[in-house]
Asks: 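Quick one: the structure is below, questions incoming.
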Amino acid sequence: MNRADVQRWLDAYVDAWKSYDPGAIGALFSEDAAYAYHPYDEPLRGRDAIVASWTGEGNRDAPGTYNGHYEPVAVDRDVAVASGRSQYFEPDGATLKREFYNLFVMRFDADGRCAEFREWYMERR
């Protein structure tokens, strides 16, 4: 993986989040991927579990009420660190409700799919 590969993956991550398309979400992750929403949580295990978590009842954000942008900070072969921010808006889609600064640590397989994903985030005051 290089910076451009990681940026493409991060852009696809945001697109998958915005679409909630199970195929697009699944394409991001290896079959046996581990995904932790919080740094010290036991991760979800397996692509199917990740897709189910993203698309599950009550887990979806309303269309037009969120956005995110993330960029690689460091890439070392199959491991990448990215930072960015996630924004959540009122139903009007313009009034900022909450904003988070994010740090992702990811490990990729030989096919460019994420095999391990761990997130740290902090809400902006």
Side-chain angles (χ1 to χ4, degrees):
M1 297 291 284
N2 59 43
R3 283 184 177 279
D5 295 330
V6 174
Q7 188 62 63
R8 276 190 295 278
W9 188 91
L10 291 165
D11 292 343
Y13 177 93
V14 171
D15 290 345
W17 178 31
K18 287 182 174 182
S19 73
Y20 287 108
D21 175 353
I25 298 164
L28 295 169
F29 298 98
S30 65
E31 187 174 332
D32 60 347
Y35 188 104
Y37 287 102
H38 304 283
Y40 304 106
D41 283 358
E42 183 63 28
L44 296 169
R45 301 233 177 244
R47 179 187 300 140
D48 292 343
I50 295 165
V51 170
S53 175
W54 277 39
T55 60
E57 190 67 33
N59 291 342
R60 293 181 181 213
D61 298 296
T65 64
Y66 58 96
N67 196 15
H69 180 75
Y70 316 101
E71 296 181 357
V73 173
V75 179
D76 184 11
R77 291 178 274 175
D78 65 343
V79 176
V81 177
S83 68
R85 65 185 184 167
S86 304
Q87 297 175 311
Y88 297 86
F89 301 93
E90 297 293 345
D92 65 11
T95 306
L96 185 63
K97 182 167 60 172
R98 298 175 80 185
E99 183 172 40
F100 294 88
Y101 293 98
N102 309 85
L103 179 72
F104 303 155
V105 178
M106 302 158 290
R107 186 179 59 78
F108 294 91
D109 69 11
D111 296 322
R113 290 190 176 98
C114 190
E116 294 178 21
F117 182 98
R118 191 164 299 270
E119 180 175 5
W120 282 258
Y121 61 88
M122 180 181 317
E123 186 168 9
R124 181 178 178 184
R125 294 181 192 177

Asks: Please check: side-chain N/O of Asp111 versus main-chain N/O of Arg113, any donor-acceptor pairing under 3.5 Å?
Replies: no
Asks: What about Tyr20 and Tyr37, same hydrophobic cluster or not, with Ile/Leu/Val/Met/Phe/Trp/Tyr joined at side-chain heavy-atom distances under 4.5 Å?
Replies: yes
Asks: Applying side-chain contact (heavy atoms from CB on, under 4.5 Å) to Leu10 and His69, what does each step give before you reach the verdict?
Replies: CA-CA 8 Å; Leu10 291 165; His69 180 75; over 6 Å; no
Asks: Rounded to the nearest 0.5 Å, what separates atom CD1 in Ile25 from atom CG in Asp48?
Replies: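 Answer for the CD1-CG pair, Ile25 versus Asp48, is 12.0 Å.
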Asks: Are Asp41 and Arg118 close enough that some pair of their side-chain heavy atoms sits under 4.5 Å apart?
Replies: no
Asks: Where do Thr55 and Val51 come nearest, in terms of heavy atoms and distance?
Replies: OG1-O, 2.8 Å
Asks: Please report the closest heavy-atom contact between Cys114 and Ala33, naming both atoms and the distance.
Replies: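 Result for this residue pair: O-CB, 3.4 Å.
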Asks: Answer yes if Phe100 and Val105 sit in the same cluster of Ile, Leu, Val, Met, Phe, Trp and Tyr residues linked by side chain heavy atoms under 4.5 Å apart, and no otherwise.
Replies: no
Asks: With under 30° as parallel and over 60° as perpendicular, where do the rings of Tyr66 and Trp17 fit, or are they tilted in between?
Replies: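 Tilted.
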Asks: Taking only residues two or more places apart in sequence, or in another chain, which ones meet Phe29 in a ring pair (Phe, Tyr, Trp, His ring centres under 6.0 Å)?
Replies: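 Phe29: ring pair (Phe, Tyr, Trp, His ring centres under 6.0 Å) contacts with Trp9, Tyr35.
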Asks: Grab the two heavy atoms, one from Ala82 and one from Met106, that are nearest each other, plus how far apart they are.
Replies: CB-CE, 3.8 Å
Asks: Looking at residues at least two apart in the chain, or sitting in another chain, which of them share a side chain to side chain donor-acceptor pair (under 3.5 Å) with Tyr121?
Replies: His38
Asks: What about Leu103 and Met1, same hydrophobic cluster or not, with Ile/Leu/Val/Met/Phe/Trp/Tyr joined at side-chain heavy-atom distances under 4.5 Å?
Replies: no
Asks: As an exercise, state the distance from CZ of Arg77 to CG of Asn2, rounded to the nearest 0.5 Å.
Replies: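 Rounded to the nearest 0.5 Å, the CZ-CG separation comes to 14.5 Å.
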Asks: Spell out, as yes or no, whether a donor-acceptor pair under 3.5 Å connects the side chain of Asn59 to the backbone of Ser53.
Replies: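 Checked: pair present.
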Asks: Atom CZ of residue position Arg85 - does it have more than 12 heavy atoms of other residues, nucleotides or ligands inside 6.0 Å?
Replies: no
Asks: Leu96 versus Phe89: any side-chain heavy-atom pair under 4.5 Å?
Replies: yes
Asks: Closest heavy-atom contact between Val6 and Pro72?
Replies: CG1-CB, 3.8 Å
Asks: With sequence neighbours left out, what residues match Tyr70 under ring pair (Phe, Tyr, Trp, His ring centres under 6.0 Å)?
Replies: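 Scan of Tyr70 (ring pair (Phe, Tyr, Trp, His ring centres under 6.0 Å), adjacent residues dropped) gives Phe104.
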Asks: Give a yes or no answer on whether the side chain of Arg3 reaches the backbone of Val73 with a donor-acceptor pair at less than 3.5 Å.
Replies: yes
Asks: Could you tell me the separation between the CD atom of Glu71 and the CG atom of Asp11, rounded to the nearest 0.5 Å?
Replies: 9.0 Å
Asks: Is the count of non-hydrogen atoms from other residues, nucleotides or ligands lying under 6.0 Å from Glu31 atom CD greater than 12?
Replies: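 Check fails, neighbour count at 12 or below.
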Asks: Specify the closest pair of heavy atoms between Ser19 and Ala24, including all atoms of both residues, with the distance to one decimal.
Replies: OG-CB, 4.4 Å
Asks: For Asp78, does its backbone N or O pair with a side-chain atom of Arg107 as donor and acceptor, under 3.5 Å?
Replies: no
Asks: Is it true that Arg8 and Asp5 make a salt bridge, defined as a side-chain N closer than 4.0 Å to a carboxylate O?
Replies: yes
Asks: Main chain of Gly26, side chain of Arg47: is a donor-acceptor contact present, judged purely on distance under 3.5 Å?
Replies: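 Checking the backbone N and O of Gly26 against the side chain of Arg47, a donor-acceptor pair under 3.5 Å is found.
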